Amino acid sequence: MTEQGTTHVIEVTINGRLYSRTVEARQLLVHFLRDTLDLTGTHIGCDTGSCGACSIILNGKLVKSCMMLAPQADGAVIETVEGLANDGELNPLQESFSRNHGLQCGYCTPGMLMAGTYLLRENPNPTEEEIRRGIKGNICRCTGYVNIVRSIMDVAGGHGAEQADGIVGEEQR
Amino acid sequence: MSATSGSKAATRERVESWSGQSIPRKEDGRLVQGEGSFIDDLGLHGQGYAWFVRSPYAHARIVSVDTSAAVALEGVYAVLTGEEAREMCVVPFFQIAPGDGARIEEWPLAVDKVRYQGDAVAVVLADSRDTARDAAELVEVEYEPLAVVVDGVEAVEHAAPVLHEKAGTNVAWHGVYDYGDIDFALEHADHVVKIDRLHFHRFSSTPLECNGAVVDWDKGSGVIDVKSNIQMPMFAAMVIGPSLGVAINKFSFSSRDIGGAFGNKIGFYPQIAALALLSKKAGRPAKWTEYRTEHMLSSTHGNERTFLDIEVPVMADGTILGVKARAVDDVGAYLHYEPLGAVIWSQVLTGCYKFKNVKVDFTSALTNKCPVAPNRGYSRMQQLWMLERVIDIVAHELDFDPVALRKLNFVQPEDYPYQTPNGCVYDSGNLPLSLDMALELADVETWRRRQSEMGTGTGKRIGIGIGSTLDSGTNNFGQARIVNPDLPFSGNGEAAFAKLDLYGEVNINVGTTPQGQGHETTSAQVAADILNMSPNDVTVTIGFDQAHNATVGFSGTYASQFAVTGLGAVMGATAKLRDEILEVGAFALQAPKDDLELRDGACLVKGDPSRSIPFIGIANLIYTNNAMLPSELSSRIDLNCRYVYIPPFEVPDVERKMGNLTLTYASQIHVCVVEVDEETGVVEILSYVAVDDCGKRINPQIVEGQVHGAVGLGIAAALYEAFEYDEDGQLQEPSFYEYHVGTAMDIPDIRTGNIESPSPFTPNGAKGMGEGGGAAVHTICSALQDALGKDGAIVFDSHNTWERVYQLLQSSQGNEPRGVRVISREGGAA
Amino acid sequence: MLLKSVNYVRPESVTEALDILSSNEGAAPLAGGQSLTNVLKHRVASVDLLVDISALGELRTITRAGDGSLEVGACVTYDEIDHSPDVRAGHAILARESSHIEDQQIRNRGTIGGNCCLSDPTNNLPPLLVALDATMNIRAVGGTRHVAAEDFFKGYFLTALEPGELLVSITIPPIPVGGGAGYVSLSVATDSKTIVRAAARVRVDGVIEEVRVVLARVASVPIRHHAMEEALRGVAPTAELVRAAAEVIGSDVEPIADGHGSSDYRRKMARVVARRAVLAAIEEGGRK
């Protein structure tokens with residue numbers, strides 16, 4: 001991408017699969033995921049990068065995909081909510097969200113799951129305060145956050161990333 | 001095995017009853033995998049993308065609209081203006097208001113004038129989102145700005161610019177509610193507490209998913225297919241049908257997953273009408289995705305209500321005799337669902353209290369602001385807040401203990417069913433017990449000790465607050481006649497289908513538009529109980545579908561009623577289905593019906609399981625093998641059972657403004673402890689407790705989730721969220737950048753307790769719940785009042801930022817007018 | 001929410017970036033994008049060419065020199081600053097304040113350079129950098145120059161950067177021996193919209209010898225309050241004397257009002273946060 005242009009060809013690995021597409025430079029990464037690739041699990045809830053519904057993990061970091069342009073994702077390795085379950089088998093964090101009623105309408109849930117996944121990888125044994133800090137960038141209007149915190153807490157402790165992802169490390173993705 | 005994690009708990013062996021269990025939700029499997037179908041996930045082949053052109057002015061004449069540059073942009077399919085929309089319509093939108101309000105003319109797009117910042121003047125359809133957005137910028141509108149009115153009281157009590165010339169006034173509705181004899185009470189009470197002004201502010205629940213629709217007006221069939229997340233689709237059809245000149249059965253409304261609504265997704269039927277016209281003009285489907293700023297400006301705001309000249313007669317022992325007040329409701333620039341708010345508050349006329357004398361002079365005022373439509377706790381929250389402020393202020397001024405004062409004036413457990421002065425009937429409850437439970441869970445005793453030990457000079461203060469609220473559910477639409485006697489509305493209802501499909505699968509569908517309340521799950525629980533099978537094996541259709549599901553005029557999800565109306569319909573339909581299965585089973589097993597039972601998807605002879613027929617066998621006989629049946633049976637039974645649950649209502653007495661306006665009254669009593677920094681006004685919540693009573697809980701975990709959610713929204717509204725307009729009618733909080741939505745670091749952990757006082761009026765003893773009555777707003781205000789102390793200022797506003805708290809702390813020390821006076825009768829005990 | 005058509009380029013070196021910036025008038029650097037993307041979404045400013053510098057290794061280093069000074073690359077993220085052992089070793093306050101910026105997602109992308117170059121009076125790091133007497137290292141095609149942080153912020157969304165120049169790193173001197181730094185924010189909610197902020201760096205040797213007090217969101221840029229510094233120099237580091245010194249913040253300060261606070265409240269709170277920041281700095285210095 002060393003040549004300037006209003007369109008660019010990008011290659012992105014998402015949930016283990018490589019995609020190559022031509023994108024307009026102005027396209028937000030979240031629209032690239034939703035509209036170009038039909039990965040509609042990642043949601044849009046605002047237009048100022050405030051709500052976190054669009055959160056994904058990019059090159060191992062939790063980011064808001066509405067605050068990045070599609071060409072910035074060239075060469076990136078991305079994880080979205082669609083990659084959490086294994087062929088319909090929910091991972092421990094997803095199970096915990098259901099068990100603990102950590103979702104109602106489900107709109108913030110993909111972003112919350114990615115935030116929870118990232119949090120537990122970085123900090124396998126968080127306190128309640130740390131969990132709340134970790135999801136501070138994710139707005140929920142339905143739950144008052146109580147059960148979301150419980151859902152993440154329920155898989156925390158001891159087993160860390162393995163517990164949340166159901167895997168050990170990122171290599172297996 | 002399956003993607004639904006609900007399987008694990010729900011396949012437990014024999015349970016007493018699925019109702020009352022916190023089984024994991026059926027909805028969760030798809031939602032945690034990002035496989036929900038929200039409106040922006042859906043679309044139609046050949047669709048265009050829509051973008052609305054909106055007015056930057058709060059009040060202006062539209063001089064001209066030039067769409068030529070927009071139309072010329074490559075990729076643009078069509079542009080629709082207000083003038084065109086009016087030409088294409090038969091009549092303007094039907095108005096709920098009577099008299100002057102009825103003469104308001106509203107079309108799908110603004111014509112001649114714009115009346116609030118964000119009022120839509122045109123809409124563009126193009127081949128991509130980006131093109132539509134770019135083209136919208138090319139539409140040139142010339143405006144002639146007009147004077148603006150942004151204060152509801154000013155709009156109706158002083159000379160102010162009139163928004164709707166044909167109405168000739170900004171008074172959308174006015175009426176006086178008068179029960180008992182308040183003037184006598186005021187004259188003879190030992191004390192009268194006079195409060196100049198209480199103000200409930202403007203905010204909304206800002207669901208995370210904004211509005212949206214895919215609208216296709218198909219030329220050939222004349223059908224308008226509307227995929228949308230609007231939460232009262234049949235009401236929308238009722239309003240826009242006559243305007244578009246389209247029969248109701250030519251609409252096909254449907255919804256799938258909805259990302260929260262809280263009432264805020266009721267009022268956007270004008271956008272749907274505009275999209276229908278746009279689709280017609282362009283000859284292709286129109287897909288509209290609302291973005292956040294657009295939502296904040298032009299979707300729905302909650303009622304902003306100012307209470308003036310409040311007078312409260314109080315006896316020496318603390319018995320409150322009633323309340324007199326003037327109320328002005330600022331309802332914004334157009335009436336979407338309003339002015340129903342002018343009567344709905346009277347469902348909780350006296351709140352939790354048993355006083356008998358009430359007079360409220362109520363005005364709904366039009367202003368140059370975003371239209372008001374239901375917001376969680378619609379119209380009742382404002383009244384309940386006012387009453388809670390009154391209790392606290394009376395306690396403060398007359399030196400009563402707020403707990404004792406509440407208990408003295410509460411409706412008592414032995415009073416139920418309790419009739420209020422305006423004929424509403426509180427079905428059941430135990431408010432004193434709920435309050436005690438909340439106080440104990442919050443360990444108020446310890447906090448009171450800590451509060452007094454803290455003393456003065458530490459720079460911090462502790463405040464302990466109580467909020468008692470009612471969540472009235474299942475409303476009698478007949479109350480609309482109190483607003484407008486000509487409205488042919490009354491009662492309520494919801495419909496459901498219970499079916500056995502071709503291969504004997506059980507299938508339920510309901511007329512509701514769930515937005516996270518777990519309808520699929522609780523419907524399955526209730527049906528599973530009746531059919532004696534696992535909820536896992538009961539399929540509930542997702543979402544609303546006018547063509548496919550059972551619906552009635554009131555269908556939708558709103559007003560805290562699903563547990564009663566929705567589940568009532570499911571129960572009725574399933575009971576019918578059960579009966580039909582038994583009848584067919586009786587024939588197939590050659591046994592009397594009374595000897596049969598249903599178990600785990602089969603019909604069998606009690607005590608002789610070798611004589612059984614599975615549901616697939618039952619279905620076979622009816623669907624594809626009916627010559628095997630006597631015609632008496634096959635002509636009567638089709639295993640497709642529709643049932644409409646109708647709550648027992650009568651038409652209210654319009655003249656006296658009385659009647660049974662709501663079927664059920666859930667309650668929530670909250671207690672919270674705050675710490676206030678005296679130097680800055682910063683408030684930290686140290687403890688928060690909520691005790692709810694919604695009768696029989698079908699799924700306790702879902703109920704608790706609703707309580708949490710209501711608290712989260714209420715705390716955020718009390719401390720962080722407000723829609724404010726400057727004098728030019730510019731919204732100061734048009735996005736989440738300015739409008740601070742409570743985050744996980746702002747909302748504390750919430751401890752809950754509950755009581756179940758079953759309702760004697762509902763099929764399952766449950767009461768509707770969910771809205772929560774705004775309890776957290778009342779509770780936070782109460783806690784701040786307590787923190788301000790005996791000599792402190794009075795909390796008059798529902799919204800208290802740190803700056804406001806700081807001002808209250810400062811004015812506690814000053815000599816400014818306090819806004820409250822106590823007049824004690826001569827010789828009366830103080 | 002949807003951007004205008006825009007050009008995008010990702011240079012592979014700072015030299016290349018500077019070439020592009022200097023030869024394209026409508027070009028702007030794109031670092032973390034946590035502010036610029038919003039600007040573009042709402043179409044409040046026009047950019048013809050986005051020059052993505054966020055991945056340039058040259059701009060993403062943190063170096064702690066032998067004398068204890070710290071050089072932080074302009075494209076280092078808030079999260080990286082928070083977790084950097086080099087930052088925590090000698091400038092813990094910078095790590096701490098970086099960790100309070102908004103939320104994890106924004107901290108994973110937002111950069112110290114972006115926070116400075118935006119020059120939004122509500123931003124977290126500019127007042128701290130002024131208090132710490134940082135130097136902004138600027139490169140152009142023609143060479144390098146250095147500007148004191150105090151002179152870098154010129155006005156609303158205006159810095160000392162000339163067209164074609166890039167902020168490449170920020171050098172922060174060590175906190176003086178016997179000194180400490182403090183930072184207090186008053187926000188609408190936790191780690192959220194700013195009402196007013198204060199940052200202070202103080203060195204105590206019996207009495208207050210050196211002091212820098214910086215206020216944010218009382219003017220278009222962070223300002224040092226010289227009158228308060230004057231009132232503090234040479235006095236004993238007691239709570240009463242610091243409180244008295246803060247009282248000199250008065251009508252000389254006229255914060256712009258907005259939905260998050262009136263002018264009067266902000267001015268009064270400026271005294272409170274300034275006092276608390278100075279006391280925190282004194283306490284940190286005392287602990288070392």
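Just so it is clear: chains get the letters A, B, ... in the order the sequence lines come, proteins before strands, and each one is counted from 1. When reading the values below, keep in mind they use all heavy atoms of this one structure, side chains included, and skip hydrogens, waters and symmetry mates. Being a predicted model, the structure only gives us computed values, none of them experimental.
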Max heavy-atom pairs within cutoff under 4.5 Å with chain B, candidates C:Thr190, C:Asp191, C:Asp258, C:Asn38, goes to C:Thr190

*asked:* Could you tell me if the side chain of C:Phe153 sits less than 4.5 Å from the side chain of C:Pro121, heavy atoms only?
replied: no

d(C:His260 NE2, C:Ile195 CD1) to nearest 0.5 Å is 8.5 Å

*Distance only, no hydrogens: is a donor on one side chain within 3.5 Å (strictly under) of an acceptor on the other, for B:Ser735 and B:Glu738?*
yes

Heavy-atom closest pair (B:Lys287 atom, B:Asp40 atom, distance to 0.1 Å) is NZ-O, 2.8 Å

Using a strict cut-off of less than 4.0 Å between a Lys/Arg side-chain nitrogen and an Asp/Glu carboxylate oxygen, indicate whether C:Arg109 and C:Asp79 qualify as a salt bridge.
-> no

- Task: Answer yes or no: is there a donor N or O on one side and an acceptor on the other, between the side chain of C:Glu284 and the main chain of C:Ala281, under 3.5 Å?
- Result: no

Bottom line for B:Thr293: the part with an atom under 4.5 Å from chain C's heavy atoms is side chain

Residue from B:His740, B:Met745, B:Arg129, B:Glu684 scoring the most non-hydrogen pairs under 4.5 Å with chain C is B:His740

Filtered by a 4.5 Å non-hydrogen cutoff, the part of residues 264-276 of chain C contacting chain B is C:Tyr265, C:Lys268, C:Met269, C:Val272, C:Arg275, C:Arg276

Okay, B:Thr801 and chain C: the region with an atom under 4.5 Å from a heavy atom over there is neither

Would you say C:Tyr183's side chain and C:Asn124's backbone share a donor-acceptor pair under 3.5 angstrom? yes

Okay, C:Ser262 and chain B: the region with an atom under 4.5 Å from a heavy atom over there is both

Bottom line for B:Glu803: the part with an atom under 4.5 Å from chain C's heavy atoms is both

Bottom line for B:Glu137: the part with an atom under 4.5 Å from chain C's heavy atoms is side chain

Residues at least two apart in sequence or cross-chain that pass side-chain hydrogen bond (donor to acceptor under 3.5 Å, both in side chains) with B:Ser55, listed by chain then number, are none

Q: Determine whether more than 12 heavy atoms belonging to other residues, nucleotides or ligands lie under 6.0 Å from atom OH of B:Tyr57.
A: no

